Each structure stands twice: as structure tokens, then as C-alpha cells.
Amino acid sequence: MSLTALSHCGPRCSLAVRHLVQQRSLWAGTFRSAQLTALPKAPGFVRPPRQLSSSTVAQCAAAAPSVLSRADVITDHPFNNITDTIFQKIGVNLHQQPGHPIGIIKGAIHDYFDSHHPTTFTKFDDLAPIVAATANFDEVLVPADHVSRSPNDTYYVAPETVLRCHTSAHQAEILRQGERAFLVTGDVYRRDSIDATHYPVFHQMEGVRVFGPQDWQASGMEGAQYAEVELKRTLEGLAQHLFGEVEMRWIDAYFPFTEPSFELEIFFKGQWLEVLGCGVMQQQILDKNLGPGQKAWAFGLGLERLAMVLFDIPDIRLFWTSDQRFLGQFKAGNMTTKFKSYSKYPPCYKDVAFWISDAFTENNLCEVVRDIAGDLAEEVKLIDDFTHPKTGRTSHCYRIAYRSMERSLTDDEVNALQEEVRSTVATKLNVELR
Ligand code: FA5
Ligand code: MG
């Protein structure tokens, strides 16, 4: 699927438009051009299994507490929008499990940076996911009216505290510690759509590298241009390290914290899949937190997306399964595994149609579906959007695909889930069922 983002789309942006343009990036950007970069082809190339070196992971003042009680996260504050489904994911830390695909890809990326720049990058992988809203947004220059601040998109513990929606939330604090090159891995949380490549909890790795005049002067380039060239060289090298042969392209993008900004897409299962965002860091962030006269690049990788491409994993829900038929296929340090589907249970489709109100959002519907069906919900898709010519009322019809990765679902079970979705939608979302 193309995750191309069109021009900035505020919280009031019509759902119909959002759907039509597949407007899914939190950091709604501007699509200007797509530059194809086919990495060198190596037909028949098979990478030998590699042992990944264990790398030192820096401890940080804000390391995650080992136990977080439900009451710390789900409160009755009117702003709190965290559900039990989400709470249960906090502290699981898939990225810290060396034999899990997310842990393996993290290790492989650490390896790449360690081999190209030994002892340069400090690594953080246990920073607490509950952060100040100021760190998540203000310190990376997210405007006060940016769509990502909306409780429709971000999980709020309280008005001033959020579940981080990106690892960029740690950029400023780490720069203030004086670090000039670092990698931060962690779980991030977003209210988002339901399909094979989107999940409300996923893992990002943030990378930042700062340069001083001595770095770019020797190159004959300006600082910003040097940082941009270094950024693309570094990430293309990473893609080659992970995938060998792969078709990829750069898309011009928009992030409040970088200029210029880019996204990298990889061709996967017949579609362009967006795997990362990056750019040259806004000068203000560097000046304020590290000091003047420096330039830097920054990136944020989606680890699930990279692992899906590397291991041929078809559905993002699989990362959360405890089924040994999945987990048993992967081994710490082994990047050559290709996931073998152990079952293909049939999906079951159910439609729900209703007249929406102004307050209705697709993310709210997805949250209801997730809370009732959990990982049995495979996809929620708008299949009909109709405005009555006389009354002006708008009706939406959504098709929900239910499917288990582990077993066949019974009709009774699916009907019961769908019934509960229907009644909850009617009572909680202020819509009128059709
Ligand atoms: C960001 O989060 C920026 N903070 C990235 C960044 C960092 C840009 C530093 C510039 C400098 P974005 O919203 O595009 O950007 O998300 C980054 C990546 O996270 C995406 O490319 C995708 O791989 C992954 N991602 C986003 N949403 C989801 C989701 N719901 N499920 C799984 N992966 C996701
Ligand atoms: Mg994006």
C-alpha cells in the first residue's frame, strides 16, 4: 500500500478525503517527487547466517520502571484514552528479546552502525515510553495545532503526559546530555488504522548524528548539504546491509523537526511500503540543546516494517503472538530466516453501516474494534461513503475482516464479536446504525 501523505491535513479533515488518499502518516507531509534507487542487484545472493555482536546499551536517567501499575496508566482523568489492550503491551519490550524478529532486526542495525562507525553511536533501549507531552511534541517543534497532538491520534495518560508516539521524543533530552551520535530503540503508541502494516503499538529506532565544521569543511560542501548526503549514504548502506537486493525509493516528505525531510519506501508484496522517515535536523533543536555551529541528521525507522521485509512476515499482528510455530522459526543473530506460513485460516467479513456525526473518526472506530476483537481484527476498511442528497447526512459502511493467525474461528464467535462491535459503536461513538 502506498503511504504517501498529501498536504497537511488537520484534525477536521474529512474522513472521506483521508481515506481516498490513504492519508495515514501521523506527520502528514508533502509529496513532491519520488526518486527511484534500485540497490545493486545480486541475483541468487544468499547472505550467510551471522552472529550479531552484543553491543553495550547505555543506561539513562529515565530508564523504564520494571513494574508499572494499571492505575499509573489508565486513570479516570477525562483526557485519558488508554485502553487495557494498550496497557497490556507496555513493558513487553519485544525489542529486548534477542531471538524475536524485532530484537534480531535491532541487533542487525546496531551491527551495521558498529561496523561502519566503531564506538561512535551510544545506544539506548530502555527509556520509559511514558513521556511529557512537551518532550513528544514541543521539544521537536511540533506546532500547537498539529494533527498528531490530537487525542484522536495520540494516547494521553493526562493532558501533560503521553505514551510516546515516536522515539523522536528523546532527541532533545539526549542532546542535552552531550551525546553527538546515538540510537534509541523503543515501543511507540498511536491510535491508528487496522490492517496488515499498522498496529497501535510498534517499535521505532531513532538515529541522530551531529557534525561540526571540521567534518563538512574538508568535503567542500555546506554543513546542511553534507548532513543530507551522509544521511542518504548511511541509510542506503543500511538497506543494503539488511536486504542485499531490494527496490527502494526516496520520497520528499515533511516533518516539523527536519528540513529537508524524506521517507524511504521499499517494494514489498506488490506495494510500496514506507519504512522510515528522516531528514536534516532543524537548527533550532541543535542550537538549543547542544550548542550553536553544528549540523545533524536524524531518522526514525519502523522496526516491524523492516522485519516484515527482511523475514517475509505478511501481517504485523504476528509479532505479538506467543505461538511457537511463529517464534520458533527465528533465532538470535540469524537474518536469513524466511517466515513459513504455518496455516491459512479463512477470514470472515462483516459489514457495519451507520450515519456518522461530526465527532466520528475512523481511529475511534478502530479502537472500539480492537478492544472487542483484539488481534482477531485483521482489517477495518471503509467500503461505502454516501451523503444523502436531501438530508445532507453522511453514511459510512465499514468492512471488518476477522481472522485468527492460529486457528479457525467459528461463526458463533464472529457473530458475537460483530454484535458487540455494533452495539458499542452505537452507544459510544454517537452514530446511528443502519
Ligand atoms: C516519525 O515517527 C518520525 N518521528 C520519524 C523521523 C525521525 C523523521 C527523525 C525525521 C527525523 P512516521 O510517522 O512516518 O515518522 O513514522 C516512522 C515509521 O514508523 C514509518 O515509516 C513506519 O515504518 C512506522 N510506522 C508508522 N506508523 C506505524 C504503525 N501504525 N504501525 C507500524 N509501523 C508504523
Ligand atoms: Mg511516515
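Start at 1 and go down the list; that is how both ligands and their atoms are numbered. The structure presented is a predicted model; accordingly, all values stated were derived computationally and were not measured.
- Inclusion of Q171 in the set of residues having an N or O under 3.5 Å from an N or O of ligand 1 is not warranted.
- For E139, the side-chain contact (heavy atoms from CB on, under 4.5 Å) partners are A135, A172, R176, not counting sequence neighbours.
- Side chain to side chain, Y199 and D315 fail the donor-acceptor criterion of an N or O pair below 3.5 Å.
- Remark: K232 qualifies as a cation-pi partner of F262 under the 6.0 Å distance and 45° angle criteria applied to the six-membered ring.
- Side-chain N/O atoms of H170 and R164 include a donor and acceptor closer than 3.5 Å.
- Note that OH of Y345 and CE of M405 are 11.5 Å apart. Values are rounded to the nearest 0.5 Å.
- Rounded to the nearest 0.5 angstrom, L264 CG and R249 CZ are separated by 10.0 Å.
- The N/O atoms of H166, backbone and side chain alike, include one that comes under 3.5 Å of an N/O atom in ligand 1.
- Checking G302, G300, S168 against atom 4 (N) of ligand 1, the nearest heavy atom belongs to S168.
- The Mg ion (ligand 2) is closest to atom OE2 of E263 (considering only N, O or S atoms).
- The closest non-hydrogen atom to atom 18 (C) of ligand 1, taken over M308, Q204, M205, R305, comes from Q204.
- Only the side chain of F257 comes within 4.0 Å of ligand 1, counting heavy atoms alone; its backbone N, CA, C and O stay farther away.
- Set against the non-hydrogen atoms of F299, the atoms of ligand 1 under 4.0 Å away are 7 (C), 9 (C).
- Test E263, E236, E265 against W250 for side-chain hydrogen bond (donor to acceptor under 3.5 Å, both in side chains) and you get one pass: E236.
- Ligand 1 has no N or O atom lying under 3.5 Å from any N or O atom of I316, backbone or side chain.
- E274 contributes atom OE2 as its closest N/O/S atom to the Mg ion (ligand 2).
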Pair R180-Q294, side chain to side chain contact (heavy atoms under 4.5 Å, CB included): steps then yes or no: CA-CA 10 Å; R180 298 177 62 86; Q294 322 286 307; 2.8 Å; yes

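- The nearest non-hydrogen atom to atom 33 (N) of ligand 1, considering only Y199, W297, F202, Y189, comes from F202.
- At least one N or O atom of V275, backbone or side chain, sits closer than 3.5 Å to an N or O atom of ligand 1.
- Note that CG of D125 is 6.5 Å distant from NE2 of H110, once rounded to the nearest 0.5 Å.
- Under a 4.0 Å heavy-atom criterion, C278 is in contact with ligand 1.
- Under 4.0 angstrom from ligand 1, the non-hydrogen atoms of T258 all belong to its side chain.
- Within the 4.0 Å heavy-atom cutoff, T197 counts among the residues contacting ligand 1.
- When only interatomic distances are considered, the shortest N/O to N/O separation between H198 and ligand 1 does not fall below 3.5 Å.
- For E206, the closest heavy-atom approach to ligand 1 falls below 4.0 Å.
- For E263, every heavy-atom contact with ligand 1 shorter than 4.0 Å involves the side chain, none the backbone.
- A salt bridge does not link R191 to D153: none of the charged nitrogens lies less than 4.0 Å from a carboxylate oxygen.
- When heavy-atom distances to ligand 1 are checked against a 4.0 Å cut-off, E274 comes that close through both its backbone and its side chain.
- Heavy atoms from other residues, nucleotides or ligands lying under 6.0 Å from NZ of K269 number more than 12.
- Residues meeting the side-chain contact (heavy atoms from CB on, under 4.5 Å) test with R407, sequence neighbours left out: L376, S404, L409, E413.
- In A298, the parts holding a heavy atom less than 4.0 Å from any atom of ligand 1 are both the side chain and the backbone.
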